[in-house]
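Residue numbering restarts at 1 for every chain, and letters A, B, ... go by the order of the sequence lines.
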Amino acid sequence: MKRISRNGICFISSFDISHSCSAITTRAYSSCHTNKSVSTNGLKINFDNVRCLYDAVTLFHQMIGTQPLPSVLCFCQLFKTLLTMKHYSAVVSLFREMQKLGIPINYFILSILINSYCLMHRADFGFSVLPIYLKNGIPFNVVTFNTLIRGFFAENKVKDAVDLFKKLVRENICEPNEVMYAIVMNGLSKRGHTQKSFSLLRLMEQGNTKPDIKNYSIVIDALCKDGNLHAAINLLNEMKQKSIHPDIVTYSSLIDGMCRLGQWEKVTSLFAEMVNHNIYPNVRTFNIMIDGLCKEGKVEDAEEVMKHMVGKSVEPDRVTYNAIMDGYCLRGQLDRARRIFDMMIDKCIEPNIICYNILINGHCKKKKLTEAMQFFREISQKGLNPNIVTYNTILQGMFEVGRIGGAKKIYVEMLSAGPIPDLYTYRTLLNGYFKYGLVEEAMSLFHKLERTREDIDIAFYNVVINGLCKNGKLDEAHAIFEKLSSIGLLPDLRAYTVMINGFCLEGLLDEAKDMLRKMEDNNCFPNNVTYNVIVQGFLRCNKINEMINFMKEMAGRGFSFDATTAGFLVNVIRENPSVLDMIPELHLKNKK
DNA sequence: TTAGGGTTAG
């Protein structure tokens with residue numbers, strides 16, 4: 001959070017952006033824009049011929065060498081071309097050259113400059129473009145701020161994004177349009193703040209800028225992702241009443257929500273409704289269904305859907321094949337997955353990094369590290385780069401089979417040449433170190449990260465607390481647990497469960513029970529895992545009566561023993577068969 | 001001309 005403040009908020013508050021935003025008047029465009037080609041002072045420019053960075057830079061130099069200079073619109077077209085080609089740093093350097101030479105610029109070029117910085121994940125640099133507007137007397141445009149807000153979200157600087165939005169509204173710097181609302185709502189929704197996004201929609205309904213189909217669809221999608229299908233359908237009906245008709249995207253979000261809940265009948269009826277309104281599913285709609293089926297293990301059904309879409313002249317794409325491959329991997333059918341892989345290549349669809357990650361993960365889960373590593377090496381041979389997910393998957397796989405040395409080697413390789421480690425990486429490393437008793441290594445990494453990273457979340461601390469508990473360092477674990485609230489993190493269900501398990505492992509059952517009550521007092525309610533952890537604690541200490549009492553409490557809350565607890569119970573019964581008589585329900589089952 | 005919604009991997 002500290003870093004966010006440095007780059008964003010302080011900057012926002014220290015810089016006066018009250019230079020108000022004005023509407024851009026439409027003007028006649030020169031041939032430079034409309035035909036993508038222009039002839040100026042003997043220099044014939046055709047932007048369609050600009051195919052690579054070299055072409056663009058060469059053209060730029062030709063342009064600045066022409067007297068008089070080509071119009072600013074030609075420079076706009078060139079910058080747009082660079083942006084489309086994703087040459088963001090080139091946009092920055094050519095802009096600097098223009099500034100040095102005193103070539104006139106306009107709002108469009110500045111927008112592209114800001115967007116380039118944002119797409120390079122440097123929204124702070126994008127922000128520092130604002131004074132250039134002032135210096136050149138160019139009024140701010142709503143697009144300027146929309147781009148910046150989106151940039152902050154892209155870097156997960158939610159507070160900066162929202163603060164900027166609020167400042168614009170509060171100080172009347174810029175009247176937010178539907179797009180601005182959509183950017184803020186989407187940014188919030190994608191980061192778990194569905195309710196805030198929903199509130200903004202309600203705010204729009206009461207204000208001047210009425211929500212459009214995109215604003216509604218964003219909230220509907222967020223509700224569906226949260227599993228709140230009921231609220232999503234209510235909102236769908238609301239928008240229909242306002243004559244805002246759902247489109248393919250709205251329907252696809254709803255279908256996704258239904259698939260996630262396994263409500264296949266509803267999927268079928270919504271599908272029919274869509275087609276009834278002459279809205280036909282596209283490849284993304286089919287992919288959503290295919291993915292939903294695969295995640296439920298219904299890969300054969302997914303393949304049927306794929307055949308169906310082909311019959312409807314909708315061609316499966318890379319996402320389709322990847323989803324089906326993952327479906328087979330999840331079921332451990334690696335051969336099938338590799339078939340699908342070959343089929344994809346036969347169809348001239350080049351595998352991407354996600355495809356390799358799916359295969360690597362599938363093989364790692366089956367402990368087939370040799371094959372996983374073959375795919376890993378194939379990535380670079382295919383001219384692709386392993387990403388953070390690739391490395392994390394391999395790391396996890398290495399630790400899973402106990403190849404600590406291999407895991408460390410991969411980590412070093414990643415640090416020297418690969419992507420920047422994320423919290424997943426560190427969680428995997430710490431889990432691995434703790435699993436193999438390398439407590440000192442784990443703690444030294446933990447302390448280093450605590451000092452250097454500002455994005456450490458509760459899940460990260462849970463790994464450390466769990467690791468310490470499992471390695472007999474209950475006091476250290478408990479100290480960290482107690483420290484959580486002082487660093488602004490609330491213990492979640494997992495944190496409590498991990499701590500309860502720590503107490504149980506040491507036979508401190510009273511402390512475990514106290515913690516259980518404490519979590520409920522804090523409105524964090526135990527789940528099946530929490531109860532099973534406690535029952536295992538009782539069984540470990542042969543506290544059968546207490547275990548039976550707890551069992552009743554569990555049953556009352558609709559929870560039951562998991563496989564691990566059942567295993568424990570069988571062992572206890574083996575050693576002391578009389579226990580069986582104390583558990584009538586179980587006795588009946590075991591009579592078989 | 002620049003900014004907004006739905007699909008695949010840890």
[X], nearest nucleotide to its side chain (from [options]):
| X | options | result |
| --- | --- | --- |
| A:Lys190 | B:dG6, B:dT8, B:dG4 | B:dG6 |
| A:Tyr107 | B:dT2, B:dA3, B:dT8 | B:dT2 |
| A:Lys80 | B:dG4, B:dT2, B:dT7 | B:dT2 |
| A:Asn141 | B:dA9, B:dA3, B:dT2 | B:dT2 |
| A:Ile248 | B:dA3, B:dT2, B:dG6 | B:dG6 |
| A:Ile183 | B:dA9, B:dA3, B:dT7 | B:dA3 |
| A:Asn177 | B:dA3, B:dT2, B:dG4 | B:dA3 |
| A:Val179 | B:dT8, B:dG4, B:dT2 | B:dG4 |
| A:Val249 | B:dT2, B:dG6, B:dT8 | B:dG6 |

What about [X], does its side chain sit under 3.5 Å from the base of [N] through a donor-acceptor pair?
| X | N | answer |
| --- | --- | --- |
| A:Ser252 | B:dG6 | yes |
| A:Asn387 | B:dA9 | yes |
| A:Asp247 | B:dG5 | yes |
| A:Asp212 | B:dG5 | no |

Worksheet item: Does A:Lys225 make a side-chain N or O approach to OP1 or OP2 of B:dT7 shorter than 4.0 Å?
Response: yes
Q. Between A:Asn322 and B:dA9, does any side-chain N or O lie under 4.0 Å from OP1 or OP2?
A. no
For this session: Apply the test side chain to side chain donor-acceptor pair (under 3.5 Å) to residues A:Lys435 and A:Asn431: give CA-CA distance (whole Å), side-chain angles for both, the deciding distance (0.1 Å), then the verdict.
Result: CA-CA 6 Å; A:Lys435 185 177 172 186; A:Asn431 248 327; over 6 Å; no
Near-ring test A:Tyr391/A:Phe376, centroid separation under 6.0 angstrom: yes
**Report entry** Ring-ring centroid check A:Tyr117 A:Tyr88, cutoff 6.0 Å
**Finding:** no
So what does [X] touch, heavy atoms closer than 4.0 Å: a base, only the sugar-phosphate, or nothing?
| X | value |
| --- | --- |
| A:Ile109 | nothing |
| A:Thr285 | base |
| A:Thr250 | base |
| A:Ile218 | sugar-phosphate |
| A:Asn106 | nothing |
| A:Arg150 | sugar-phosphate |
| A:Ile290 | nothing |
| A:Asp317 | nothing |
| A:Ile149 | nothing |

Length of the line joining [X]:[atom1] and [N]:[atom2], which is rounded to integer Å:
| X | N | atom1 | atom2 | answer |
| --- | --- | --- | --- | --- |
| A:Asn385 | B:dA9 | CG | C1' | 16 Å |
| A:Ile138 | B:dT2 | CD1 | C1' | 13 Å |
| A:Leu254 | B:dG5 | CG | P | 17 Å |
| A:Ile105 | B:dT2 | CD1 | P | 18 Å |
| A:Met309 | B:dT7 | CE | C1' | 10 Å |
| A:Phe145 | B:dT2 | CZ | C1' | 14 Å |
| A:Ile379 | B:dA9 | CD1 | P | 16 Å |
| A:Asp256 | B:dG5 | CG | P | 16 Å |

* To do: Fit a plane to each ring of A:Tyr433 and A:Phe399, take the angle between them on a 0 to 90° scale, and name the class: parallel (under 30°), tilted (30 to 60°) or perpendicular (over 60°).
  => perpendicular
Here the residues of residues 81-96 of chain A within 4.0 Å heavy-atom distance, strictly under, of DNA chain B are none
- request: Verify side chain to side chain donor-acceptor pair (under 3.5 Å) between A:Thr194 and A:Asp226, making sure each step is shown before the conclusion.
  value: CA-CA 8 Å; A:Thr194 307; A:Asp226 289 351; 2.6 Å; yes
Between the CG atom in A:Leu110 and the CG atom in A:Asn141, the distance rounded to the nearest 0.5 Å is 10.0 Å
**Request:** Report yes or no: do A:Asp317 and A:Thr320 form a side-chain donor-acceptor pair below 3.5 Å?
**Result:** yes
Main-chain N/O of A:Glu273 paired with A:His277 side-chain donor or acceptor, under 3.5 Å: yes
Side-chain donor or acceptor of A:Arg191 paired with backbone N/O of A:Gly187 under 3.5 Å:
yes
Hits for salt bridge (charged side-chain N to carboxylate O under 4.0 Å, His left out) against A:Glu350, two or more places apart or cross-chain, chain-then-number order -> none
